[in-house]
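Step one of this worksheet: look at the structure below.
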Amino acid sequence: MSTATPLLLVLDLVGIFAFALNGALVAVRAERLDVFGIVTVGMFTALGGGVIRDVLLDALPPATFVDWRYLALAAGGGLIAFAVGHLLERLGPTINVLDAIGLSVFAVLGAYKALDLGFGVLQAIIVGTITAVGGGTIRDVIIGRVPAVLRSELYAIPAMIGASCAIALNALGIYGLPATLGAAAVCFVIRMVGVRFDLNAPRPRRAGDGTVDDR
Amino acid sequence: MSTATPLLLVLDLVGIFAFALNGALVAVRAERLDVFGIVTVGMFTALGGGVIRDVLLDALPPATFVDWRYLALAAGGGLIAFAVGHLLERLGPTINVLDAIGLSVFAVLGAYKALDLGFGVLQAIIVGTITAVGGGTIRDVIIGRVPAVLRSELYAIPAMIGASCAIALNALGIYGLPATLGAAAVCFVIRMVGVRFDLNAPRPRRAGDGTVDDR
Amino acid sequence: MSTATPLLLVLDLVGIFAFALNGALVAVRAERLDVFGIVTVGMFTALGGGVIRDVLLDALPPATFVDWRYLALAAGGGLIAFAVGHLLERLGPTINVLDAIGLSVFAVLGAYKALDLGFGVLQAIIVGTITAVGGGTIRDVIIGRVPAVLRSELYAIPAMIGASCAIALNALGIYGLPATLGAAAVCFVIRMVGVRFDLNAPRPRRAGDGTVDDR
């Protein structure tokens with residue numbers, strides 16, 4: 001990702017690590033995967049959104065694949081989850097915060113990358129959102145679950161709003177580190193409010209609505 | 001997609017809209033997705049086949065991603081399914097017809113795009129078919145179902161035949177709008193006959209064959 | 001795949017055919033797919049790893065898609081599984097051997113392709129492994145199973161070791177046919193030992209470990 005400053009690079013790498021840790025922990029809990037499976041799911045969670053982004057933007061080979069730091073951090077997060085995942089349950093809130101940092105940074109940097117490469121506003125919002133939530137979607141498909149991001153919680157919506165803020169600020173001539181951090185902060189705050197109050201996006205009406213149908 | 005004439009562009013856009021509507025309605029029925037999930041599944045259904053096509057043909061960024069009209073129609077179809085999906089059940093036959101139009105146009109235009117870019121006959125048939133059925137395959141994988149196109153009905157077969165007709169006509173020096181519409185009509189008619197008479201592609205023999213094993 | 005010698009080309013094609021046969025047989029057993037579904041799953045199993053490899057390496061269009069021999073062998077393997085799959089059960093051990101040949105050749109040639117295109121050691125190991133196990137992963141996701149490669153058996157580990165051997169030999173100035181066959185043989189032997197003794201990669205500790213939880 002085009003990370004011009006050390007601070008953004010650090011936040012980006014924090015996000016990669018948090019996504020890998022989170023994805024691998026989901027895998028540890030959900031299925032009896034072996035060490036290869038857990039690390040693989042962690043790496044897909046961390047790096048998958050960036051790969052889809054770079055396919056859509058014709059920016060292959062994917063930045064998350066070329067840079068060994070991304071690969072190493074993603075593999076490291078997965079290995080930690082494999083080795084001591086059963087000890088990390090109590091760190092849930094911390095991991096949620098790190099994950100929200102990743103969501104916010106990926107959404108904003110993904111949108112910027114689309115703009116940098118000359119794509120339109122609509123494409124930039126979509127790419128920012130996909131960068132942020134694509135990895136988790138791949139994770140869930142691989143472990144045989146309907147992607148959580150499609151079903152519940154405020155997860156994609158904050159990413160869309162964060163990406164949109166970044167694009168709006170850019171259109172107003174406001175860019176650089178303050179704009180990036182500001183747009184990411186909007187995403188981060190909405191996400192954490194959603195976690196705190198267990199907010200969900202609206203669901204469609206349908207016959208028998210109101211009954212619990214959760215699997 | 002290389003749509004040279006207004007008529008083909010309109011048919012192409014009708015197909016995008018029908019695929020999005022159809023995909024999102026399947027999502028509404030199958031799973032408790034939220035608004036983001038339903039619109040996302042609709043967009044994947046409408047645009048996914050074209051993205052895979054353009055990856056295979058090295059024609060990135062994908063045409064369905066670059067053109068905002070495709071994105072807007074796909075999102076619109078998904079939003080309509082979210083908002084009034086419970087009222088659309090009686091429109092099933094109409095949506096089936098629109099979906100068959102999309103299938104036919106995508107198969108033929110996908111095959112032409114492969115030929116235009118210098119690929120062989122085999123590749124053009126495969127790409128035409130993938131353009132037509134790829135989106136529905138992604139839809140089903142995401143919502144946790146074995147893809148319907150791999151299991152039952154005449155859905156991929158008409159697309160393969162339509163793509164093959166387009167390629168054969170092209171080899172005979174017949175192209176342009178009449179050839180496109182003719183090949184698409186072959187696909188469309190076979191598809192609708194299959195829907196009307198509930199035809200299925202052959203299944204393999206195996207132990208216990210004949211018992212109902214449908215899930 | 002960059003297959004400089006006739007022997008490697010033959011082994012590569014044997015691998016494609018074995019993967020298609022194997023993938024389609026899994027599909028025949030697992031789900032009530034029709035002929036299109038079974039051939040499709042076979043082709044994805046045979047060609048999918050190479051497609052992901054070429055996306056990551058920015059080597060589109062994918063080599064496995066451009067070369068009609070790969071397509072024809074993959075489709076042929078799938079058709080054979082459809083036509084006489086119920087007669088092939090007793091050939092399980094033979095198919096396992098052919099599959100292990102494919103695994104070994106794909107891992108080594110995938111790693112070489114990454115090196116040839118200027119990627120680093122870490123990327124080459126990852127790409128070699130993905131070339132070898134990517135097709136089977138796609139197969140399982142499509143038929144609604146958690147990928148076997150993530151759960152059990154020594155399947156990805158031999159591929160990683162084979163790819164690593166090829167890269168190490170290359171760094172030592174040893175390349176060409178002997179190095180390729182040597183590295184592939186390491187992968188092949190580990191894989192067959194794993195099959196023979198039913199070895200598994202380590203699994204994470206977790207609450208209630210030791211109970212059987214297999215689905």
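Each chain gets a letter, A, B and so on, in the order the sequences are listed, and its residues count up from 1.
With a 4.5 angstrom heavy-atom cutoff, A:L117 does not touch chain B via any of its atoms. Contact of A:T137 with chain B is not made at all, since no heavy-atom distance falls under 4.5 Å. Contact annotation for B:V35: both backbone and side-chain heavy atoms come within less than 4.5 Å of a heavy atom of chain A.
Your options are A:V149, A:I157, A:D140, and the one with the most heavy-atom pairs under 4.5 Å with chain B is A:V149. With chain B as partner, the option from A:L57, A:V121, A:I126 having the largest number of non-hydrogen pairs under 4.5 angstrom is A:I126. By number of non-hydrogen pairs under 4.5 angstrom with chain A, the leading residue of B:V141, B:V66, B:V84 is B:V66. Annotation: maximal heavy-atom pairing with chain A below 4.5 Å, among B:A81, B:A75, B:P62, occurs at B:P62.
Annotation: the span from B:F36 atom CZ to A:M160 atom CE amounts to 6.5 Å, rounded to 0.5 Å. The distance from the CG atom of A:L150 to the CD1 atom of B:I142 is 6.5 Å, given to the nearest 0.5 Å. Remark: B:F65 CZ to A:D58 CG distance equals 11.0 Å, nearest 0.5 Å.
Taking every heavy atom of both residues into account, B:L71 and A:Q123 meet most closely at CD1-NE2, 3.5 Å.
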